[in-house]
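Worksheet: the structure to be examined is printed underneath.
We count ligands from 1, going down the list as the structure has it; atoms in each ligand are counted the same way. Keep in mind that the numbers below use all heavy atoms, side chains included, and drop hydrogens, waters and symmetry copies. Given the structure is predicted, the values throughout are model-derived calculations rather than measurements.
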Amino acid sequence: MTEKVYRLGPGCTVDDVAEGNIYLGKVQGFATFGMFVQLNDKTKGLLHKSNIRTERKEHDDILVLINQIRPNGNLDLREINLPEGGYTTELVAKRLVISRLSDLPEKLGRNITVEAEVVQIKQTSGPTIFTVCDDSGTEGAAAFTEAGVRSYPEVNLGDIVRIYGESNKRNNQIQIEVSGMTVLKGAEADAVRAKINAALDARSEPPEIEPLIDSGILRALWPEMRKLAKIVRRAVLTQQPIILRHHADADGICAAVSVETAVLQFIRETGGDPDMDNFLFRRSPSKAPFYEIEDVTRDLDMLLKDNARFGQKFPLILLMDNGSTEEDMPSYKMTEVYGLNVVVADHHHPDETIDKYLLAHVNPYHVGGDFGVTAGMLGTEIARLIFPEVEDKILHFPAVAGVADRSEAPELQDYLALIEGKYTIDDCRDMALALDYEQYWLRFMDGREIVKDILNISGNPGRHERLVTLLVSEANAALEDQITTMMPHVKEQQLFSGAKLFLADVEMFAHRFTFPPPGKSSGEVHDLLCKKYADDPIVTLGLGPDFAVIRSRGVQMNIPQMVRSMRDEMPGAGISGGGHLVVGSIKFVEGMRSEVISRMIEKISEFSVQ
Ligand code: MN
């Protein structure tokens, strides 16, 4: 019969050993009456010299039998000699009392064991900090081997681990001082993971609230908005970073800043480190109303470096006021290669082909609505579903967004009614213009704190007032100058459909590389013409060297479809573009400019007037 030899696992104490059993130990030191043998880093016993069989030196492995466990916990040992291969060894696992992370504040200074998922590994110049998450919450665990040296290199991001240590407090935050950590495998890990997942699922569930206004479209979109909000909440709860990409206009900014406000407060609420804001949440404006290759490339570059350097998880990509169209496809193919999760809240006319790349896609067109329910409206409602306490702060965002995007949806009136007495429609218009103007100079920067002042959520209403007044007067002066310059050169054509077509050259007869950019300049010209010809259907083309901006009123346009058919019909023109049904843009090669413009005019005259 082969003897059984036990090996005392990490965390085990005298409570886990039994008299008469044989254990594998290590010689720890000598005394006049015998030697001390260590069974693990917590447990040792005395091998009296009368029970020593072999000459030993420090650190030698040794087999010992437990003669007696004394009432004070001291162990009396006897050396056993077994031939090599004459025994099997078995690991003694600690009889575990698993603490939940949320219970650690009550167990300060005590030894605890937790089972959790590793959601981040950060090497500091001192200890290695493992951020771990269980079914109750998220905490940091500090393990130290040597300054700046990675502890437990066998532990990877996403592993389920059992941590032995002491519950402590550091900088007012709970931290586990790790004394041992093992990676759980197989069924044991699966059970812990299932428990964490079930709890996370419940905690990610958005609150049971209703949309701010009574809207059939919002009601129909509600389940998808809840789904998106749940994905965002789950990302926060699991320390998954979030990259929020949004169209760099006032509507897109309102959408993104409402979600930014909610996410940052939710991170704090759930015990996230506020200094980690920039790691856990990043808002990036995109110049185009879609996720450009340039954007996805920047994002990938950064996230892959963060992953390599800081053990950061791959982020959730949230696209707002962009992401719905075929133009996003090349970027989605990139996100797919890296297995990134992407969610979209947009009001551009959606192409079904992109849905297979998305975990959630909120779009009013899916439920019979249109772009009049703007991204800023969707964003504000989603922000409430992420963290409802932000509601008061961002209540005016949907109105600012709706005014900015010239929404004619009844929803805008309802959102304006919500803020009656606090902001007028002119206040909203001013904030929208100030956002557009300031974002022009911010370019790719998010301008987080400036934007807070413009939207009056920085807690400094005086500064908000002065800043918006200044920006609006600067923007208006620039707009007026641009329009005065452009208008004498605008050419008019009468289309067979009965619509008036206006051609405004934003290349030769407009200021370039300053505010207002071509799109905004064309929009202003269009608005002026709409006022002048209040009863006529109107299409305005802002013509650049290799692009055109299209605005229309009272014509049943479908710009994405028009651009697609022109692309098929004119293979040598290098056509791309799209946008909303009645507002959009087209790009082409400069050498085909006149051909493209005349074909476009033909196409536009085929759309019937309303
Ligand atoms: Mn928009």
ask   = Considering residues, nucleotides and ligands other than Glu480, do more than 12 of their heavy atoms fall under 6.0 Å from its CD?
value = no
remark   = Restricting Asp251 to its N/O/S atoms, the closest one to the Mn ion (ligand 1) is OD2
2.8 Å cut-off met by an N, O or S atom of His347 to the Mn ion (ligand 1) = yes
message = I'd like to know: is the Mn ion (ligand 1) within the 2.8 Å range of an N/O/S atom from Asp249, strictly under that distance?
response = no
Cation-pi geometry met for Arg298 and Phe444 (6.0 Å, 45°) = yes
message = Would you say that more than 12 heavy atoms from the other residues, nucleotides or ligands in this model lie under 6.0 Å from the NZ of Lys230, or not?
response = yes
ask   = Distance under 6.0 Å and angle within 45° of the ring axis: does Lys333 meet both against Tyr357?
value = no
message = Does Glu210 have more than 12 heavy atoms from other residues, nucleotides or ligands lying within 6.0 Å of its CD?
response = no
message = So that I can check it, does any N, O or S atom in Asp321 come closer than 2.8 Å to the Mn ion (ligand 1)?
response = yes
request  = Starting from the Mn ion (ligand 1), look over the N/O/S atoms of Asp405 and name the nearest one.
outcome  = OD2
